[in-house]
Amino acid sequence: MASLQSLRGMVDLLPEHTPLWQQLESTAREHFRRAAIREIRTPLLEATELFARGIGEATDVVGKEMYTFIDRGDRSCTLRPEGTASVVRAAIQHGLLAQGPQRLWYGGPMFRYERPQAGRQRQFHQIGVELLGVADATSDAEAIAVAWDLLADLGVGGLQLEINSLGTPEDRLRYRAELVAWLEAHHDQLDADSQQRISTNPLRVLDSKNPDTQALLAGAPTLAAALCGDSHERFSQVRQALEALQIPFVLNPRLVRGLDYYGHTAFEITSSQLGAQATVCGGGRYDGLVEQLGGPATAAVGWAIGLERLVLLLSQAQGAIAAAPAPDLYVISRGAAAERLALALCRQGRQAGLVVERDASGAAFGKQFKRADKSGAPWAAVVGEQEAAEGVVVLKHLRDSERQDRRLPIGDLLAQSSLAAALQ
RNA sequence: GCGGGCGUCGCCAAGUGGUUAAGGCAGUGGCUUGUGGCGCCACCAUUCGGGGGUUCAAGUCCCCUCGCUCGCCCCA
C-alpha cells in the first residue's frame, strides 16, 4: 500500500457507526448511575510491572500480547491490556480503600497484540465494573445482575450466563496437582495443544475445543470435587442469590479464567449470535489482587464487557445503522453579503437549539436545493442577493408543497430568537 | 505465532491470456446566470494492493510481499 493507513487491528469508527456506540455508552452510564457505581478514569499507559504482577507473568496476555516499550526515561511502559489492574492500582495509590467499599466503573480502549478476527481487534474497547471491599456472595450476584440487566436492556439476544467456582488458592493448587497427574496419565490421548498446556496452564485444558479431548475429560477429576467446604458453601450462596434475582444461569464446571487473579466465582455471559469469540462479558471474584499489588487485603468482584462484540450483536439486532440525523434547517445562500447574513442566521438557529446545516458551496441555487433536499431537512432558508438587499430571508418548506414560502425580515429573526417559532 | 478464503474507481461489481478495463450507487459540471425531489447529457481506474517472473501478449498463470477476512491459540 502506497498510501497511509491505520495499523493492523486498529479500527476507525466512522460517523455512520458512532451513534450506536454513543447509545450503548449512554445506556451503560445510566445503569451504573442507578446502581450507585461511579466512574474512574485511569491512564492508558502504565508501568509494565503492574500487569506482570497483577495479571500474572505466565499468562498469554502478559507473556506475548502486550504493547510494551521503553520510554525516554528508561522506564518499561505498557499500554493497558485490561482495566482491572489499573483501577486497583489507582484505588491503592489514592487511599480509596480506607474510605470504605468502592463501587467503580471504567471504560475505554485496551490493547493486545493478537491476530484480529471477528469481534477482536488490537485496540478494542471495554466497559467494566469493579466492586472493591465487598466479600459477601450477594455482591457477586449484584455485579452479575448489573451486567445482565444492561445487556438485556440493550436488547442483546441469545444470552447465556455461565458460572463456576474456582475456589480458594489452596483449592486450585490441590486440584491442579490432581489434574496434572490425571492428564499425564492420559497424555497420549490428548490433542497437541492440550499436551502443551499440561505444563503451561493445565486448567485451560478443561475448556479445550477439541471434541475428543472434551469426551476424554468426562473422566477427569473435577474442580468442584476439589473445593473445600467453605468454597462450596460460598458458591451455593451465589447461586441462591442469582435464583432470588431470577437470573437464569448454567453451571459450567469447565469455565476457568485466563487471568491469574480470579478465584471463587467466575462467570461469562455469551451470545449464540456471535462467532468464535462468543464471550460478551467475563468476570469474577479477585480477592487476592489488591493485596498482591501492595494494598490492604481487600475482597473484590468485577467484570468487563467487550464493546466490539456488543456492537456486533446490536447491529445484527437493529439491522441497518441509522442514517445521519436530518437537520431542522438547511441554509442556502449566494453572494458575499448574503453569505454573511446566512452565517449569522445559522448561528442564531443553533443558539436556539436547532440543528442547522449551512451550504457553503456558493453553487447555483439548483445545486444547493438538491443538497438541501438530500439532507432530509424539513425547511430550507434562502438568502440570495435580492434577499440580502431587502433584508429578508425566505423560509421554504421542503416536504409539503402546499405550504407557502415565508419572507421574514432577517433582522427580526436575528434579534428576537424567533427562528425556531418560524419553523412551525 | 499457526491455518483457510480473498484483494479490479469512495461503495457494490463484470472480467475464465489477446486491440482503448463493463455496469450500478455515490460524487462533480450542465440542461435550468436564483429554487429541490423525476429525467436527460457529460465527467469520474493510462490501471487492476505492491514487487518480481512466465509469455509475442497478464487484471487474468507462477513466486514473493503487504493488507483484509474467518478460524486456531488466547480473551472481552
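Chain A is the first sequence line, chain B the second, and so forth, proteins listed ahead of strands; every chain is numbered from 1. Not measured: the values here are computed from a predicted model.
- Among pairs with a residue in residues 180-211 of chain A, those fulfilling ring-ring contact (aromatic ring centres under 6.0 Å, His included) read A/Trp182-A/His186, at least two apart in sequence or across chains.
- Nucleic acid contact class of A/Ala380 (heavy atoms, under 4.0 Å, all strands): none.
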N/O contacts under 3.5 Å, protein versus nucleotides 38-41 of chain B?
none

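- In this structure, A/Arg122 has no salt bridge (charged side-chain N to carboxylate O under 4.0 Å, His left out) partners at least two apart in sequence or on a different chain.
- Put simply, A/Arg197 has a side-chain N or O that comes within less than 4.0 Å of OP1 or OP2 on B/C74.
- In this structure, the side-chain contact (heavy atoms from CB on, under 4.5 Å) partners of A/Lys370, at least two apart in sequence or on a different chain, are A/Lys367.
- For A/Ser271, the side-chain contact (heavy atoms from CB on, under 4.5 Å) partners two or more places apart in sequence, or in a different chain, are A/Leu159, A/Gln273, A/Leu274, A/Val280, A/Leu313.
- Contact of A/Arg309 with B/C75 (side chain to base): a donor-acceptor pair of N or O atoms is detected under 3.5 Å.
- Here side chain to side chain donor-acceptor pair (under 3.5 Å) pairs that include residues 124-134 of chain A, with residues two or more places apart or in two chains, are A/Thr84-A/Glu130, A/His125-A/Glu308, A/Glu130-A/Tyr286.
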Going 5' to 3' through nucleotides 1-12 of chain B, assign each nucleotide B (protein heavy atom under 4.0 Å from a base atom), S (under 4.0 Å only from sugar-phosphate atoms) or - (no protein heavy atom that close). BBB---------
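- Here ring-ring contact (aromatic ring centres under 6.0 Å, His included) pairs that include residues 368-388 of chain A, with residues two or more places apart or in two chains, are A/Trp379-A/His397.
- Nucleotide B/C72 forms a Watson-Crick or G-U wobble pair with B/G1, both donor-acceptor distances falling under 3.5 Å.
- Applying the side chain to side chain donor-acceptor pair (under 3.5 Å) test to pairs two or more places apart or on separate chains, those with a residue in residues 329-347 of chain A are A/Tyr330-A/Asp359.
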